[in-house]
Each structure stands twice: as C-alpha cells, then as structure tokens.
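Working notes for the structure below.
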Protein chains: 2
Amino acid sequence: MPPPGKPSDTRSRIIAAAAEEFGARGFAATSVDVIARRARVNKAMIYYHFSSKQALYTSILRDIYVALGEQLQGIAAQTVGPPRKLDALIHTLVQALDARTHFLPMFLRELAEGGRHLGPQELSLIAGIFAVVSGVIAEGVEAKVFRPVHPALAHFSIIGPLILFRATAPVRARIRQARQIEIPDADSATLIQHIQTVARRMLAPEESHERNIQG
Amino acid sequence: MPPPGKPSDTRSRIIAAAAEEFGARGFAATSVDVIARRARVNKAMIYYHFSSKQALYTSILRDIYVALGEQLQGIAAQTVGPPRKLDALIHTLVQALDARTHFLPMFLRELAEGGRHLGPQELSLIAGIFAVVSGVIAEGVEAKVFRPVHPALAHFSIIGPLILFRATAPVRARIRQARQIEIPDADSATLIQHIQTVARRMLAPEESHERNIQG
DNA sequence: GTCTATAAATAGATAGAC
DNA sequence: GTCTATCTATTTATAGAC
C-alpha cells in the first residue's frame, strides 16, 4: 500500500466505485471483482492500493465521518443562538445526505451490524457528531430557550426522521411502482423545514408565551 | 419443500437460528452452513424445508410484517380518538421491537438495499403498516384535533426516532465501552413517553404551542 | 503501476443412502 | 425426515511478468 500522499487517479476511481457498490450492496455482498470492473482497473490494483477489502471499506467510511464532523463542528462554533444553530445543523445534515448518496445505506448497515466494521477511530468520529448535535441542545437547555430533554432522545428525534425519511425513499418508490398505496414524497426544502418545525415544537419551553429568544 | 401446515420442531429451529444469524450478519454474510450448525441440523435439512436461502430469508421477514400489521390494524380499529390511537401505536411499536430483536437489523438492511429481497407481497404488507399509522394521523387532521401535516413526514417523525434510537443501541454501547463520550440510554417506558410527547407537540394545532422560538 | 494467472478457501445447492 | 459426500461456482488474496 503506497503512501496516501497523492490521490492518484486510479486510487480515486477505486474509492468512487467501491463507495457506490458498498452503498448499493453492502460489504459482504460486494465482490472485489465488481469494484475493479466498475473502476475500470484490474483487481490486483485494488490490493496494490489497499491492504484488504476491509481496509478499503473502512477508509471510505472514515472519510465521510471526518468530512461530516468538520462541517458540523463549524456550525456549532458559530456565534448564534442554539435555535439557529439547530436549524443550520438540520439543513447541513440533509444536504450532506443529498451530496453523498452512498453514505446512508452504509450507515444503516453499520447500525444493523452493531458497528462491527468500526474501529476506535471511527467510533470516536461518530461520538463527535453526536456530541455536536446534543451539545447544541444542551446549550439551549442551559440558556432556558429549550425545555429540559433527554439528550439522546432529543438527538434521535431530530436525526431519526431525517435519516429514515431519506432511507426509505427507494422502498417507497418500489411500493408506488407496484401500485400499492401512494406514499407521498417530499423534496429537500420541505424535509428540512418539517424537521426544523418538529425540533422547535419538541424543544419549546412549557409556557413559552412571549418569550423573546435570541439567536 | 413440505406443506407448511404443521410447524415441525426442526423447521422452527431452523427459522429461529436463521432469524438470529440474518439479524446479526445480514443476508449475504450469513452462510447456510452457519444456520445449520446453530439450528443443530444438517445443511441438507434446510433445503428440505426451504427451497433456497432466499426463500428462508423472505419467509422470516414476511412473518414479522404479517404479525406486526395485524397488531397495528387492531389498534386502528378501536373506537377511541386519534390521539389515544397514536399513543397506543407508539406503545405497540416499541414493544414489538423489544420482542423481536432480530427484526430491526433486518429492516435496516432492507432499507439500505432498497428492498431488493422484498417481493410484491412483502411490499404490500409494509405499505399496510404505513397506511395504518398515517391513516390515524389523517383521521386526526380531519377531526381538527391534529394540525395539517405532510402524511409521510409526520409518519417518519414518529417511527424515525423510535427506530433509530433502538437501532443505535449497540453502537452507543461500543462508544461507551471504548471510553468515548457518554451517550445516555433510556428504557422502553422512557422512550415510549418521549415519542408520545414529541408526536403530540408535532401534531398540536397552532394555538397550544407558539410557532416562534426562532432566533 | 499495471497486468495475467492462479492459489486456497468457502459459498449455495443437490444426489442418494438410510 | 435426516444424514454424508460432493459438485460447481465464486470469493479474497497473491505471485510474478512487464
């Protein structure tokens, strides 16, 4: 495995192909042969650039977590109030999912397997993402602009709908296609706005009459 | 494949073993050999009872969807108001997930693969479950006890947190174990109550919760 | 860096004895 | 119904030429 200094063209083609295949079929169901064909390289080239199928897989996951974590931490560091931060986090999360369509399936499968392919490094990155979102919520609770809530439950009440709505899109499409009942879709803007509204309502203090909350 | 009239002992052992293995490892990563060993039967016995690995897998998924669908439809048929029905649906969904620990991982993986292993029959069952929950919401909207909401977005705002909180439990445990940050857990009762509260707040008509906590 | 060829292990599925 | 033995295909991974 050569030093990862320069992202050679074949290397990035391998990564792109692997991301799509792992996303569509999962780790076990994806063969190195298929990745090679899709990347238009020979299978041996994959083992030249990555020590194993597992290492290739993990490297893809790690890249995403790093990028997403940096983006979210940038938002949390802004000098606006917790409600605005939360809106921005939701907005960024939806757009991040839109930008990397292979991430969601990979993430769901990791959950299903209890994070078997995740090492301490990856777990730490995930923990960081959780810390950002639930940190903003805690910040709001402390400032009394949010009601006291269970941090993890509040966190998953925000990212749960977001993730599951996007994740079910292909199955909903198949249901629609099979002429079963109609399950309406929603574009990104509608989704973002809905999640933001639900989050606001979830976190609204008990008797929030004319509270002037500063952002 | 013998007629499925009498659930023979070996057959049910095969199903139980397969459910655990498919849940833990997924379809592709689970070998028929492993299922056979776990069920304490020979591999050939599996092909005596089921036409293929795929048929065994699908049969397990279908059983769960049928049972869950019947349970939920029973609730929707009750003669109580939409808010109470929704509370009962949430309660039942959480308990159903608790009762069948292998279902959630299997469900997540199906989402990740766009329902590749699901035929028209299974898709129809899933559509039925969606119809029940979003039907109760629509009932409440019509009766003006719920505010008008996007049916699918409201649906996934309820089952999303529920599913994702439970699904992330193993990864959260690993993060805790790896001495990363502390992500608090919650028992079923707390989870149920939280989801019910969020659902109520999401669906409350305009007057009860101010729409502006915006900063 | 890129290829061909192949090793070594394992997969799903079946034949046929009992 | 249950087993042993096996066929065939595919898998990850590597050796070695260029």
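These figures come from a predicted structure and were not determined experimentally. Here is the naming used below: chain letters follow the sequence lines, and residue numbers restart at 1 for every chain. FYI, side chains are in, hydrogens and waters are out, and symmetry mates aren't considered; it's all heavy atoms of this structure.
Look at CZ on F50(A): it is 15 Å from P on dT14(D), rounded to the nearest Å. The separation between H49(A) atom NE2 and dT14(D) atom P is 16 Å, rounded to whole Å. The distance from atom CG of L56(A) to atom C1' of dA13(D) is 14 Å, rounded to the nearest whole Å. Atom CZ of R37(B) and atom P of dT4(D) are 13 Å apart (whole Å). In this structure, D9(B) places its CG atom 13 Å from C1' of dT2(D), rounding to the nearest Å. Taking atom CD1 of residue I14(B) and atom P of nucleotide dA13(C), one finds them 14 Å apart after rounding to whole Å. Following rounding to the nearest Å, Y48(B) (OH) and dG16(C) (P) show an atom-to-atom distance of 18 Å. To the nearest angstrom, C1' of dG1(C) lies 13 Å from CZ of R11(A).
R25(B) pairs by the salt bridge (charged side-chain N to carboxylate O under 4.0 Å, His left out) definition with E21(B), not counting sequence neighbours. Residues satisfying the salt bridge (charged side-chain N to carboxylate O under 4.0 Å, His left out) test with R147(A), not counting sequence neighbours, are none. By the salt bridge (charged side-chain N to carboxylate O under 4.0 Å, His left out) test, R116(B) pairs with no residue at all, sequence neighbours left out. With sequence neighbours excluded, the residues forming a salt bridge (charged side-chain N to carboxylate O under 4.0 Å, His left out) with K43(B) are D33(B), listed by chain and number. P170(B) meets the side-chain contact (heavy atoms from CB on, under 4.5 Å) test with no other residue; sequence neighbours excluded. A search for ring-ring contact (aromatic ring centres under 6.0 Å, His included) contacts involving F130(B) returns H155(B), not counting sequence neighbours.
Contact check, Y47(A) against dA13(D): a side-chain N or O comes under 4.0 Å of OP1 or OP2. Between T10(B) and the phosphate of dT2(D), there is a side-chain N or O to OP1/OP2 separation shorter than 4.0 Å.
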Between protein and nucleic acid, restricted to nucleotides 4-9 of chain C and to nitrogen or oxygen atoms under 3.5 Å apart, what atom pairs and distances do you find?
residue: dT4(C); atom: OP2; partner: N42(A); partner atom: ND2; Å: 3.0

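Side chains of T58(A) and Q54(A): a donor on one and an acceptor on the other come within 3.5 Å.
Between atom CZ of residue R201(B) and atom OG of residue S157(B) there is a gap of 15.0 Å, rounded to the nearest 0.5 Å.
Applying the ring pair (Phe, Tyr, Trp, His ring centres under 6.0 Å) rule to pairs touching residues 60-86 of chain A yields Y65(A)-F103(A), sequence neighbours excluded. Counting only residues at least two apart or in different chains, side-chain hydrogen bond (donor to acceptor under 3.5 Å, both in side chains) contacts with residues 72-83 of chain B are absent.
Closest to the side chain of M45(B), from the set dT12(D), dC3(D), dT2(C), is dC3(D). Distances from the side chain of K53(B) to the nucleotides dA13(D), dG1(C), dA13(C) place dA13(C) closest.
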Kindly list each side-chain donor-acceptor pair under 3.5 angstrom involving residues 160-169 of chain A, sequence neighbours excluded, with atom names and distances?
residue: R166(A); atom: NE; partner: D98(A); partner atom: OD1; Å: 3.0
residue: R166(A); atom: NH2; partner: D98(A); partner atom: OD1; Å: 3.0
residue: R166(A); atom: NH2; partner: D98(A); partner atom: OD2; Å: 3.3
residue: R166(A); atom: NH2; partner: S188(A); partner atom: OG; Å: 2.5
residue: T168(A); atom: OG1; partner: L164(A); partner atom: O; Å: 2.8
residue: T168(A); atom: OG1; partner: F165(A); partner atom: O; Å: 3.1
residue: T168(A); atom: OG1; partner: R172(A); partner atom: NE; Å: 3.0
residue: T168(A); atom: OG1; partner: R172(A); partner atom: NH2; Å: 3.3

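Under the 3.5 Å distance criterion, the side-chain polar atoms of R174(A) are matched with a main-chain donor or acceptor of L118(B).
Scanning DNA chain C for stems, defined as runs of 3 or more consecutive Watson-Crick or G-U wobble pairs whose donor-acceptor distances all fall under 3.5 Å, gives the following ranges: C:1-10 with D:9-18, C:12-18 with D:1-7.
Within residues 19-32 of chain A, the residues having any heavy atom closer than 4.0 Å to DNA chain D are, in order of number, T30(A), S31(A), V32(A).
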